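Report on the following structure.
As the structure is a prediction and not an experimental result, all values here were calculated from the model.
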Amino acid sequence: ADGVNFLLLDRKVKRPLYSPMVMFFSIIQIENGQSLHYQDACGANTPVLFTEHPMTTAKKVTIGYYFGFISLGMAAASLGPTLPGLSEQVGAQISQMGFLFSARSMGFLLGALLVGRLYDRLPGHRLLTLALFGVALAMAIVPFAPNLWLVTAVFFFLGISESGIDVGSNTLIVWVHGKAVGPYMNG
């Protein structure tokens, strides 16, 4: 765009964005129902280019992914502190509760293998939402599970759901930001 003058406007509020030309801005007029121009104090018409609001949709979605990571961390960290209470609940010794760590890890491993393929084939946000609901469901079932084998199965399912959040959020962040993903991947 050599030699082409334009005014950058915020799409939402239709005002100049980061422009020193604010004082010369007088009228936005619509020509032919299509293009927008501004008329400066000298009467010259200049095409208007729109930009997104500073908080873009990509950044908003990325914040959502970060909340997914927070929920993943909370679910993953919950097993250790609740281990004594869970052992009393299911009537097992703490030494027998090691199955839970293994079941969750095996679920995560299996889930990561399967979920990666699903994110290539299905809408990512729906899968991520399903994974978040899976984690919530598993966490809600655990306090009511009466025996060790049911708790082990729930933790296996929890591992699968956790992998859906981990793989999905990482994949979707890359897809949203492309080559500029570096700062977003490191939060």
Test your reading of the model: is there a side-chain donor-acceptor pair from [X] to the backbone of [Y], 3.5 Å cut-off?
X	Y	result
Tyr65	Thr171	no
Ser102	Phe99	no
Gln89	Ala145	yes

Gap separating the [atom1] atom of [X] from the [atom2] atom of [Y], nearest 0.5 angstrom:
X	Y	atom1	atom2	value
Ile160	Met106	CD1	CE	10.5 Å
Met74	Phe69	CE	CZ	15.5 Å
Ser163	Leu113	OG	CG	8.5 Å
Arg117	Leu122	CZ	CG	13.0 Å
Thr82	Met97	OG1	CE	7.5 Å
Ile70	Ser169	CD1	OG	11.0 Å

Handout entry: OH (Tyr119) with more than 12 external heavy atoms under 6.0 Å
Key = yes
[X] with [Y], same ILVMFWY side-chain cluster at under 4.5 Å:
X	Y	value
Tyr66	Val174	yes
Leu130	Met139	no
Phe108	Ile165	no
Val167	Leu127	yes
Trp149	Leu83	yes

Might you point out which heavy atoms bring [X] and [Y] nearest each other, and give the distance in Å?
X	Y	value
Gln93	Ser87	C-CB, 4.3 Å
Ala138	Val154	O-CG1, 3.5 Å
Val115	Gly164	CG1-CA, 3.7 Å
Ile173	Met185	CG2-SD, 3.7 Å
Ser78	Pro81	O-CD, 3.6 Å
Glu162	Ala76	OE2-N, 3.5 Å

Are any of the side-chain heavy atoms of [X] and [Y] separated by less than 4.5 Å?
X	Y	value
Val151	Phe155	yes
Ile141	Phe157	no
Leu132	Phe67	no

Practice task
Could you go through the side chain to side chain contact (heavy atoms under 4.5 Å, CB included) check for Ser71 and Val135 one step at a time?
Solution key: CA-CA 8 Å; Ser71 70; Val135 166; 5.7 Å; no
Exercise for the section: Apply side chain to side chain contact (heavy atoms under 4.5 Å, CB included) to the pair Val90 and Leu150, showing each step before the final yes or no. Expected result: CA-CA 9 Å; Val90 299; Leu150 183 57; over 6 Å; no
